[in-house]
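Because the structure is predicted, anything quoted here is derived from the model rather than measured. What you see below is based on every heavy atom in this structure, not just the backbone, and it leaves out hydrogens, waters and symmetry mates.
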Amino acid sequence: MSEKKMMFTIFMLTLIIVAIFAFFLFIFVQAGGAEERVPATHRHIHSNFTVYSQPSFFSDIITQHRSQMVKILEEQTDGWMHIAFADIEGWVYLSSHQHTLERPVGLFHNKDDAMHTDLIGPGEVQVLEEDGHWLLVATPSTPMWLNLHFWPSAEQLDDFLYGLPFNVSVYYRNLATGFTFSRKGDLIYNSASLNKTPFALYVYHLAETGLIDLSQTHTYTTRDHRFGTGVIRNMPFGTQLTTAELLTHSVRDSDNVAHHMLMGLFANQSPSYREFYASIGGNVGLIDIATGRQNLMSAEEAGLIMYRIHQYIENDTSYAANFKYSLLNSDIPIITADHPIAQKYGRWDGNFHDKAIVYAPSPYILVIMSTLDQNNQGAFEEFAEISRFFQDFNNRYFTPQ
């Protein structure tokens, strides 16, 4: 074979190899391009979903639909998918996670809105977007923002109390969250029988620390006789009563004789009542230095006392159980509720008060102090109205899961 023919043959072979390579390269590129374009696929959306005109929660809503097989036209990395089904085409968000709300929180259209428009929770919510303590969540209508640091506005409480035809002092505290409201809470009243519970707490403290024995007996004498509320004044002189019995009568029956006897027996113990009261954060300026009696009290002070009592009676001791029993069986309930109430009322000389721990699903403290006429049945009705309002408020904003 001549040199010229050999070179031609080599050229032709090379040309054929290049052509074959180009052919396979073209097929590969075409296959790659087809992969990039990804033909439409189908997906079954198993929950209810909302279709938007654009990949934004704030665009127009085209429709809301039940579980449905859809065609996915485009899928973005941020969770948005362009879908089509039936004669509908639009955008749906399918990437989210759940968050558990322990109590109801406010829903807002915008994060800078002054007031919430609705509540959501407790329970699971579908989170669409997060911004600090703000969560954009799915709702039956349109996504809305919730604030994990949400507290209800106290304005509705103020508006209700300002609308009453009489003046009262009110203290409210939700025990689960610590949310607190006070109106004229620092106004000082005659304490009436509200002073019996902090002294009872003191005596139980002496017993818990082994300084006194609640089974010790005491004799009811003429020196102990007092008029007013209670049952011991109707007992014959010489009746023997244990310290535990005196405590029960003082708290449950608001017994003036029992409280007087307890004061005489224990006010000057060490530590003294004043020292104990200071140790629980109380204002000792409300205790008379000469007599040791606590004749003055504000709604906030009464709220503090009930909070300290709550801390004590939830302990697992027989003394704490006795105290709780007496409070739960108060002879004249003034604050009312649809739940068990541990309470102590006070009525004397133009003062009409009550302080309570309400064992609602989310327990709360409520104190109402006033100068309403205790002999007027309307006073009980007014306290019942305030009680209902705060119960509804507590249920609405703090009902747990």
Side-chain angles (χ1 to χ4, degrees), residues 189-204 206-207 212-269 273 288 291-297 302 305-306 309 313 318-336 340-356 369-380 383-384:
Y189 295 82
N190 184 295
S191 63
S193 290
L194 295 190
N195 59 13
K196 291 171 181 171
T197 46
F199 196 82
L201 180 63
Y202 165 63
V203 177
Y204 278 114
L206 295 176
I212 64 171
D213 181 359
L214 294 190
S215 65
Q216 181 181 358
T217 59
H218 313 281
T219 304
Y220 168 47
T221 69
T222 57
R223 294 192 306 272
D224 303 316
H225 182 73
R226 293 290 184 279
F227 290 102
T229 54
V231 297
I232 298 177
R233 64 187 177 89
N234 297 320
M235 296 179 183
F237 297 122
T239 298
Q240 296 289 303
L241 297 152
T242 65
T243 303
E245 290 172 328
L246 291 175
L247 284 165
T248 298
H249 285 301
S250 176
V251 176
R252 184 191 64 192
D253 308 324
S254 197
D255 197 298
N256 290 338
V257 174
H259 180 62
H260 172 74
M261 291 178 68
L262 290 169
M263 288 279 297
L265 289 165
F266 303 115
N268 294 319
Q269 285 276 334
Y273 176 53
D288 187 274
T291 65
R293 290 180 58 83
Q294 190 169 356
N295 293 324
L296 302 174
M297 196 174 294
I305 292 167
M306 291 309 283
I309 289 174
I313 63 178
S318 59
Y319 298 154
N322 289 342
F323 196 6
K324 186 173 184 177
Y325 166 82
S326 298
L327 291 165
L328 286 168
N329 291 276
S330 176
D331 62 334
I332 304 179
I334 299 177
I335 288 175
T336 60
I341 308 176
Q343 63 192 141
K344 181 68 195 78
Y345 70 87
R347 303 188 301 167
W348 184 77
D349 193 26
N351 293 272
F352 191 72
H353 318 311
D354 200 5
K355 57 183 182 180
M369 301 185 72
S370 76
T371 54
L372 289 170
D373 182 1
Q374 62 175 336
N375 297 315
N376 182 353
Q377 182 60 32
F380 287 87
F383 269 54

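Using a 4.5 Å heavy-atom cutoff, the side chains of N190 and D349 are not in contact. Contact check for V203 versus L265: no side-chain heavy atoms found under the 4.5 Å cut-off. The shortest distance between side-chain heavy atoms of I305 and Q294 falls below 4.5 Å. The closest side-chain heavy-atom distance from F380 to I334 is below 4.5 Å. With contacts defined as side-chain heavy-atom distances shorter than 4.5 Å, the pair L247/N322 does not qualify. In this structure, D331 and Y345 have side chains that are in contact, with non-hydrogen atoms separated by less than 4.5 Å. Residues P333 and I341 are not in side-chain contact: their nearest non-hydrogen atoms beyond the backbone lie 4.5 Å or more apart. Between R347 and I332, the closest side-chain pair of non-hydrogen atoms falls below 4.5 Å.
The environment of N268 atom CG is sparse: at most 12 non-hydrogen atoms of other residues, nucleotides or ligands sit within 6.0 angstrom. Atom CZ of F237 has more than 12 neighbouring heavy atoms from other residues, nucleotides or ligands inside a 6.0 Å radius.
Using a 30° and 60° split on the angle between ring planes, H218 and F266 fall in the perpendicular class, above 60°. Using bins of under 30°, 30° to 60° and over 60° for the plane-to-plane angle, the ring pair H259/F199 lands in the perpendicular bin.
We find the CG-OG distance between L328 and S326 to be 9.0 Å, quoted to the nearest 0.5 Å. Atoms CD1 and CZ, on I232 and R226 in that order, are 12.0 Å from each other to the nearest 0.5 Å. To the nearest 0.5 Å, the span separating CG on L372 from NE2 on H353 amounts to 10.0 Å. Distance CG/D288 to CZ/R293: 9.0 Å, rounded to 0.5 Å. Note that CG of D253 and OG of S193 are 11.5 Å apart. Values are rounded to the nearest 0.5 Å. Rounded to the nearest 0.5 angstrom, I313 CD1 and Y204 OH are separated by 10.5 Å.
Proximity of a side-chain donor or acceptor of N329 to a complementary backbone N or O of Y325 within less than 3.5 Å is detected. Put simply, the side chain of D255 gets close to the backbone of V231: a donor and an acceptor are under 3.5 Å apart. At least one donor-acceptor pair closer than 3.5 Å links the side chain of K355 to the backbone N or O of L194. Put simply, the side chain of S254 never gets that close to the backbone of T229: no donor and acceptor are under 3.5 Å apart. Remark: the backbone N or O of I335 is paired with a side-chain donor or acceptor of Q343 at under 3.5 angstrom.
Partners of T219 according to the side chain to side chain donor-acceptor pair (under 3.5 Å) rule, which considers only residues two or more places apart in sequence or in another chain, are Q240.
For A342 against M306, the heavy-atom pair with the smallest separation is O-CE, 3.7 Å. When all heavy atoms of T371 and Y189 are compared, the pair lying nearest together is CG2-CE2, 4.1 Å. Residues S250 and L262 approach most closely at CB-CD1, 4.1 Å, considering heavy atoms. Closest approach of A258 and L246 over heavy atoms only: CB-O, 3.4 Å. Taking both residues in full, the closest heavy atoms of Y273 and G292 are given as CD2-O, 4.0 Å, listed atom of the first, atom of the second, then distance. Residues T336 and A384 approach most closely at OG1-CA, 3.8 Å, considering heavy atoms.
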Next on the checklist: With side chain to side chain contact (heavy atoms under 4.5 Å, CB included) as the criterion, how do D213 and T243 come out once you've worked through the C-alpha distance, each side chain's angles and the decisive distance to 0.1 Å?
Outcome noted: CA-CA 8 Å; D213 181 359; T243 303; over 6 Å; no
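Of the candidates R233, H249, K196, H225, K196 is the only one forming a side chain to side chain donor-acceptor pair (under 3.5 Å) with N256.
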